[in-house]
Amino acid sequence: MTPQVHFATEPELDQAILELKSGAAKWASLDLQQRIELLKATHASIATVDEAWALAAIAAKGTPAGPLEGEEWMSGPYATLAGFAATIESLEKMAHGQSSLNGIKAGSAPGNRVKFQMLPSNLYEYNLFHGFRAELWMEPGISEAEARASAGLGAKRPGENGGVGLVLGAGNISAIAPLDALYELVAYNRVSIIKLNPTFGTLITIYQQAFAPLIEAGLLRLVNGGAEVGTYLTSHPDIAHVHITGSGVTHDMIVWGSTYDKTGTPKLTKPITSELGGVSPIIVIPGNWSKEDLRFQAEHVATQRLHNGGHNCIAGQALILSQDWPQRAEFLAELRAVLREVPARTAWYPGSDKKISLATATYPQAETINGRILIEVNQHTAQDLFNTEYFAPVLGHTSLPGTGLSFFRAAIEFANTQLDGSLGASIIVAPADHKSMGKAFDEALVELRYGTIGVNVWSAIGFLLPTLAWGAFKGNSLDRVGSGIGVVHNSHLVERPERNVIWGPFRPFPRSVFHGEFALSPKPAWFITARSAASTAKKLTAFTAKPSWLKMPAIFLAAFRA
């Protein structure tokens, strides 16, 4: 039986906001060193409840016992500890009179862009994520010197009081709301009241323990409640800003009071930022793959859809293949095999059953494989899959003509113009095919208008890397919000970031080395087929709580059992 949770009353909400107003003034009075000490105390406090946090999230979702429990470690305490640690590091640089980008390597990206290498940034990361790298690309025309000088956001404005903000928490990933509140605090000097999604209502006690230093300082309040509590808070006169992670429908109801009439003056009279998901593409550039390559990449695609039971705003939903790829049918056969072999999982997110029913009703020809829905979408079928975020284990595939660069460009055009949203996109390409395109690959890549792009790595990994700026591609507006407005995480507090690009190995170790890739990483722990995902995630969390070279061998030992 699900434990009962207390929904906050209006007097309780008023009192929480009153206390936060005092906390905002207190934060404004703190210097950088005092802020650092407070965040360090919070980091230590999170570490004391990391296991309780993961277990509570596992219970809330009914996550099957075994490797999949690693999802809750990685997307809960691990991600939150990493976010606090990275933010502390940036503030420490600033406290010593340095740019928060000090020590971060810069380079050039296509289109007069500067990029910063955010992973690896130290020897720990070089070893833990060997073969992976992550870059933050700035908006065109911004010089390296300008980017370094302007970095810092609210941390450069001591004495600023950003008031009280409302963070409407997501119900699928337990680190989202805490990390959003952290960014509000550091980037905008704004304290937060977090309204938890009812899915995570039972986690409130764990959160209160984890973030006790922030709560005691009057910088954070956590409340449970449904739509009525959310409505009261969004309209509260002392709430200066709203941030939401959720759906475009929820955003439009908050801002406009309607999902279809978005004209005139918005109902919401205060600024709002958002992360809203969408239909994320997985572009597979055709090549001559081995049987092992086909299998590994089929597991990769299945992971992008089925991680967290399919309930991710960044889940891959539109698989884009080449109709001229000789191995297309063989790859789809491997994908079906993975869908059959991975144990079935209950679709735990509220409303998922309705989304699955909608998909099968729209596409009567859809394949149902072990509770997962696989749909071929072409010119003779409905196009709903391209503009409906199912937020459930529903995967579509479509095929475009061409090979190599011509296919890649066509797939980019398709993703930009036919798919809803711009949060993240993933590309799978063999090293030889990437090399054959030369600079043209990056020149095409820059045309892909998504906030985070993963090349041979799921773009969702950008969420786990706090140094990246997580959010939709720029250009959305209140009446056409797409995947949202603004970014979070961004631990270096960079002004005007444009996108993140993450690169990973096409093959896991040892096959990577046998084929000439300098990458010593095994099957990633986030793969739904990684047998040691839970033990690896636990050890990574312990490492992030207190890094030490002595902890590295145990992490490697667990990871290589994947």
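- Between E498 and F473, some side-chain heavy-atom pair lies under the 4.5 Å cut-off.
- With rounding to the nearest 0.5 Å, the separation of CG in L306 from CD1 in I528 is 4.5 Å.
- Between I239 and I17, the closest side-chain pair of non-hydrogen atoms falls below 4.5 Å.
- Looking at S174 and W53, their side chains do bring a donor and an acceptor atom within 3.5 Å of each other.
- Formation of a donor-acceptor pair under 3.5 Å by the K270 side chain with backbone atoms of T234 is found in this model.
- A distance-only check finds a donor-acceptor pair linking the side chain of R148 to the backbone of L101 [under 3.5 Å].
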Inset, instruction - Check the pair S426, Q304 against side chain to side chain donor-acceptor pair (under 3.5 Å), reporting the backbone distance first and the verdict last. - result: CA-CA 9 Å; S426 300; Q304 296 186 48; 3.1 Å; yes
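- The shortest non-hydrogen separation linking L153 to E495 is CD2-CG, 3.3 Å.
- Pairs of residues two or more places apart, or lying in two chains, never qualify as salt bridge (charged side-chain N to carboxylate O under 4.0 Å, His left out) while including a residue from residues 537-562.
- Within a 6.0 Å radius of NZ in K474, more than 12 heavy atoms belonging to other residues, nucleotides or ligands are found.
- Between I173 and T245, every side-chain heavy-atom pair lies at or beyond the 4.5 Å cut-off.
- Side chain of N308 to backbone of G310: no donor-acceptor contact under 3.5 angstrom is found.
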Inset, instruction - Could you please spell out the steps behind the side-chain contact (heavy atoms from CB on, under 4.5 Å) verdict for T48 and Q209? - result: CA-CA 9 Å; T48 66; Q209 294 172 8; over 6 Å; no
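- Listed for the E184 side chain is no donor-acceptor partner under 3.5 Å among the backbone atoms of V191.
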Legend entry - Derivation of the ring-ring contact (aromatic ring centres under 6.0 Å, His included) call for Y124 and F543: CA-CA 10 Å; Y124 284 145; F543 174 87; 5.0 Å; yes
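- Contact record, E125 with N122: N-OD1, 2.8 Å, taken as the closest heavy-atom pair.
- Donor-acceptor pairing under 3.5 Å is lacking for the side chains of E146 and S150.
- A donor-acceptor contact shorter than 3.5 Å links the side chain of H96 to the backbone of E92.
- Using modelled atom types, no side-chain atom of S45 and backbone atom of A41 make a donor-acceptor pair closer than 3.5 Å.
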Listed pairs under 3.5 Å, donor-acceptor, residues 454-469 side chains, sequence neighbours left out:
unit_1	atom_1	unit_2	atom_2	d
N456	OD1	V429	N	2.9
N456	ND2	V429	O	2.8
W458	NE1	I314	O	3.1

Inset, instruction - Applying side-chain contact (heavy atoms from CB on, under 4.5 Å), run through L179 and H489 and close with a yes or a no. - result: CA-CA 7 Å; L179 289 175; H489 302 184; 3.8 Å; yes
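- Nearest heavy-atom pair, D50 versus P77, reported as atom, atom and distance to 0.1 Å: O-CG, 3.6 Å.
- When only modelled atom types and interatomic distance are considered, H6 and N224 share no side-chain donor-acceptor pair under 3.5 Å.
- Relative orientation of the Y349 and H311 rings is tilted, given thresholds of 30° and 60° on the angle between their planes.
- F518 has its ring centre less than 6.0 Å from the ring centre of H130.
- Atom CD1 in I555 sits 11.0 Å away from atom CG in L557 (nearest 0.5 Å).
- Counting all heavy atoms, side chain and backbone alike, A95 lies closest to I36 at CB-CD1, 4.0 Å.
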Inset, instruction - Given side chain to side chain donor-acceptor pair (under 3.5 Å), test T199 with N172 step by step and report yes or no. - result: CA-CA 8 Å; T199 301; N172 63 326; over 6 Å; no
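- Counting only distance, with no hydrogens or angles, the side chain of K93 and the backbone of N102 share a donor-acceptor pair below 3.5 Å.
- Side chains of H492 and E89: a donor-acceptor N/O pair is absent below 3.5 angstrom, by distance only.
- E275 contributes atom CD, which lies 6.0 Å from atom CD1 of I176 (distance to the nearest 0.5 angstrom).
- The local environment of CD in Q98 is crowded, with over 12 non-hydrogen atoms from other residues, nucleotides or ligands closer than 6.0 Å.
- Between atom CG of residue L233 and atom CD1 of residue I254 there is a gap of 10.5 Å, rounded to the nearest 0.5 Å.
- In this structure H236 satisfies the ring-ring contact (aromatic ring centres under 6.0 Å, His included) test together with Y232, sequence neighbours excluded.
- For H300 and F527, the distance between ring centers is under 6.0 angstrom.
- A donor atom on one side chain and an acceptor atom on the other are found under 3.5 Å apart for E135 and W503.
- Counting only distance, with no hydrogens or angles, the side chain of N189 and the backbone of N161 share no donor-acceptor pair below 3.5 Å.
- More than 12 heavy atoms of other residues, nucleotides or ligands sit less than 6.0 Å from atom CZ of R113.
- A centroid separation of less than 6.0 Å is found between the aromatic rings of F560 and F509.
- A heavy-atom distance below 4.5 Å is not found between the side chains of F129 and P524.
- Although no hydrogens or angles enter the test, the distance criterion places no donor-acceptor pair under 3.5 Å between the side chain of T544 and the main chain of Y78.
- With ring centers used as reference points, F116 lies 6.0 Å or more from W137.
- Here L39 contributes atom CG and F84 contributes atom CZ; the two are 6.0 Å apart, rounded to the nearest 0.5 Å.
- T231 and E228 form no side-chain donor-acceptor contact under 3.5 Å, judged by distance and modelled atom types alone.
- Defined by atom type and a distance below 3.5 Å, a donor-acceptor pair is missing between the side-chain atoms of N476 and S483.
- At least one donor-acceptor pair closer than 3.5 Å links the side chain of S90 to the backbone N or O of S491.
- Note that CG of L38 and CG of L219 are 6.0 Å apart. Values are rounded to the nearest 0.5 Å.
- Residue-environment remark: CZ (R157) exceeds the threshold of 12 foreign heavy atoms within 6.0 Å.
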